[in-house]
Amino acid sequence: MKIPAVKGTRDFYPPQMAVRNYLVDGWKAVSLRNGFEEYDGPIFEHLKMYQIKSGEEIASQLFSFTDRGGRDMAIRPEITPTLARMVNQQINALPRPIKWFSVPRLCRAERPQKGRLREFFQWNIDIIDVEDVLADAEVIFTAIDYLRSTGLTAADIAVRISSRRMLAALLRSAGIEQDQLDGVYAVLDKKAKLPDEAFEAMLTERIGDETVRRRVAELMAAETIEAIENTAHLDAEGAAAVGELRRLFDLLSLMGIGEFAVFDIGVVRGLAYYTGVVFEVYDRAATLRAVCGGGRYDNLLRDFGGPAVTATGFGMGDAVLEILLREKGLLTDSTLSTRNVDCFVAIVADEFRDRAIELVFRVRRAGACAEFSYKAAGLKKQLKQAQALNARYTVIVGEEFSENRLTVKNMATGEQELMAVEQCIESLLA
RNA sequence: GUGGACGUAGCUCAGCUGGUUAGAGCACCAGAUUGUGGAUCUGGGGGUCGCGGGUUCGAGUCCCGUCUUCCACCCCA
């Protein structure tokens with residue numbers, strides 16, 4: 001009986017695995033050079049853990065099961081709750097600030113579509129216990145630092161930045177009640193996706209008062225921070241939030257990534273999670289969903305039963321990223337070779353076969369990658385195989401071996417040289 | 001969860017208004033070629049035509065259901 005692959009999952013054949021490794025290795029390297037340490041948790045947790053900040057209905061969007069003891073469990077759809085749990089558990093012992101990263105494998109029971117699967121990898125980095133926007137800037141820098149390392153430029157992508165804190169202050173001064181904020185966020189979050197009239201209609205549904213609605217629409221039309229300062233009368237809280245945002249943009253310029261940063265009041269993001277700076281990285285053409293999203297969430301540790309400690313971070317999934325890199329021609333088969341043999345040993349005189357095998361495994365014991373053909377085949381065929389394996393050198397074991405010599409062929413240049421066996425091994429391992 | 005499109009070899013696809021034994025290119029394997037790698041030629045393996053049911057003398061082709069994939073919505077942690 002043939003059993004099909006599960007909906008929304010991927011099989012990683014060697015070429016796909018090479019892509020995945022390329023992405024993950026890049027994430028890890030950039031995390032480390034920006035001062036983050038790696039952590040991980042279990043792939044399943046108590047179901048309750050995911051309902052704390054997202055509510056009961058989230059259960060329909062994740063894979064859950066009951067264990068033999070009757071406990072409700074869920075496969076992790078995100079790693080932030082695990083991070084919160086782990087940090088809370090050792091909050092008094094951990095040196096601060098905490099700068100951690102992880103590349104968890106996550107599962108969500110959603111309908112798959114472009115850039116969204118049921119199982120994926122997501123790079124997460126977080127800085128815990130730094131209140132300064134410098135931490136937000138550092139987090140954004142790390143995301144851009146990685147994306148630049150893949151070859152993307154400011155012409156390809158931009159990080160759109162806003163502030164929940166500022167937006168809340170502006171909406172309050174426009175006349176929105178505190179308890180209406182979340183509902184209004186949900187509408188504002190859709191502004192970029194909807195035609196103006198549809199957006200207007202949704203806003204009308206949410207905000208009854210004509211004057212308040214006009215003020216909100218005016219706010220959302222602001223294209224610069226200056227425009228915000230000029231159109232809105234800010235209270236002290238709003239002014240502080242705007243000052244913080246200005247400081248963030250200054251820092252990003254200082255860090256050398258100013259050309260990537262764009263102010264966009266339409267970046268609101270999901271639910272009540274975020275408390276300060278919020279950002280999303282998009283392709284400039286904005287034809288794909290966000291490559292990366294994050295921001296400040298100062299209440300998270302407390303919501304998970306810990307002390308009130310500030311935090312900021314982001315998540316970047318592999319699916320959209322891969323689509324983007326492919327579209328930009330930055331993922332090519334030639335840059336993602338799955339085989340890189342140092343030395344292919346071609347055996348053309350069968351009487352030396354065992355000596356050749358000895359040689360292959362001697363090279364391997366010494367730490368280099370050596371390969372050979374299982375079958376006795378013509379030299380032509382073996383050279384073809386060497387080429388297919390991306391071998392740097394092919395060592396030919398033939399008649400010359402009776403004089404303790406080998407022919408070493410440089411596969412890139414085609415040049416070859418007759419060498420003594422010991423000399424050959426030494427130069428291969430050099 | 002809602003709506004739409006697609007499904008023929010490992011991949012990209014052809015297959016006419018239903019009619020013999022379902023094809024091509026690429027890929028894979030072997031040979032031409034017994035010591036020299038991107039070529040050429042020859043041959044070979046590989047298909048329950050996504051799956052199930054129906055209509056028909058006869059279904060890859062028409063109808064229904066179902067599954068997957070893709071696209072949009074909901075949601076996006």
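Note that this is a predicted model, so its numbers are computed, not measured. Letters A, B, ... are given to chains in the order of the sequence lines, protein chains preceding strands, and every chain is numbered from 1.
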Separation between the C1' atoms of B/rA59 and B/rG3, rounded to whole Å: 30 Å

Does a side-chain N or O of A/Arg269 approach OP1 or OP2 of B/rA77 to a distance below 4.0 Å, or not? yes

Using the C1' atom as the point on both nucleotides, what is the distance between B/rA30 and B/rG45, in whole Å? 10 Å

Close side-chain approach of A/Phe121 and A/Pro104, heavy atoms under 4.5 Å: no

With C1' as the reference atom in both, quote the distance from B/rC76 to B/rC13 in angstrom, rounded to an integer. 36 Å

Check the orientation of A/Tyr39 and A/Trp100. Use parallel for under 30°, tilted for 30 to 60°, and perpendicular for over 60°. tilted

Spacing between A/Leu106 atom CG and B/rC76 atom C1', to the nearest angstrom: 13 Å

Does A/Tyr146 have its ring centroid less than 6.0 Å away from the ring centroid of A/Trp123? yes

Show me the pairs that pass salt bridge (charged side-chain N to carboxylate O under 4.0 Å, His left out) and involve residues 119-134 of chain A, at least two apart or across chains. A/Arg96-A/Asp129, A/Arg105-A/Glu119

B/rC51 to B/rU61 separation - P atoms, rounded to the nearest Å: 11 Å

Separation of the C1' atoms in B/rU20 and B/rG60, to the nearest angstrom: 15 Å

A/Gln113, nearest nucleotide to its side chain (from B/rC74, B/rG37, B/rC76): B/rC74

Could you write out each protein N or O paired with an N or O of nucleotides 32-36 of chain B at a distance under 3.5 Å?
residue	atom	partner	partner atom	Å
B/rG35	O6	A/Glu399	N	2.5
B/rG35	O6	A/Glu400	OE1	2.7
B/rG35	N1	A/Glu400	OE1	2.8
B/rG35	N1	A/Glu400	OE2	3.2
B/rG35	N2	A/Glu400	OE2	3.2
B/rU36	O2	A/Lys409	NZ	2.9
B/rU36	O2	A/Gln416	OE1	3.2
B/rU36	N3	A/Gln416	OE1	2.9
B/rU36	N3	A/Gln416	NE2	3.0
B/rU36	O4	A/Gln416	NE2	2.7

All stems that RNA chain B takes part in, i.e. 3 or more consecutive Watson-Crick or G-U pairs with distances under 3.5 Å, are B:1-5 with B:69-73, B:10-13 with B:23-26, B:28-32 with B:40-44, B:50-54 with B:62-66

Which nucleotide in the set B/rA72, B/rA30, B/rG38 lies at the smallest distance from any side-chain heavy atom of A/Lys381? B/rA30

Rounded distance (Å) that lies between atom P of B/rU69 and atom CZ of A/Arg10: 12 Å

Position toward the 5' end of RNA chain B (nearest nucleotide), A/Glu415 or A/Lys190: A/Glu415

Taking only residues two or more places apart in sequence, or in another chain, which ones meet A/Arg20 in a side-chain hydrogen bond (donor to acceptor under 3.5 Å, both in side chains)? none

side-chain hydrogen bond (donor to acceptor under 3.5 Å, both in side chains), paired with A/Arg296, selected from A/Asp136, A/Thr312, A/Thr275: A/Asp136

Hits for salt bridge (charged side-chain N to carboxylate O under 4.0 Å, His left out) against A/Arg33, two or more places apart or cross-chain, chain-then-number order -> A/Asp145

Whole-angstrom distance between B/rC41 and B/rA27, as gauged at atom P: 12 Å

Hey, what are the protein-to-nucleotides 4-11 of chain B N/O distances that come in under 3.5 Å?
none

With a 4.0 Å limit, can you tell me whether A/Lys375 has a side-chain N or O closer than that to the phosphate oxygens OP1/OP2 of B/rA30? yes

Nucleotide B/rA77, atom C1' - distance to CZ of A/Phe120 in whole Å: 9 Å

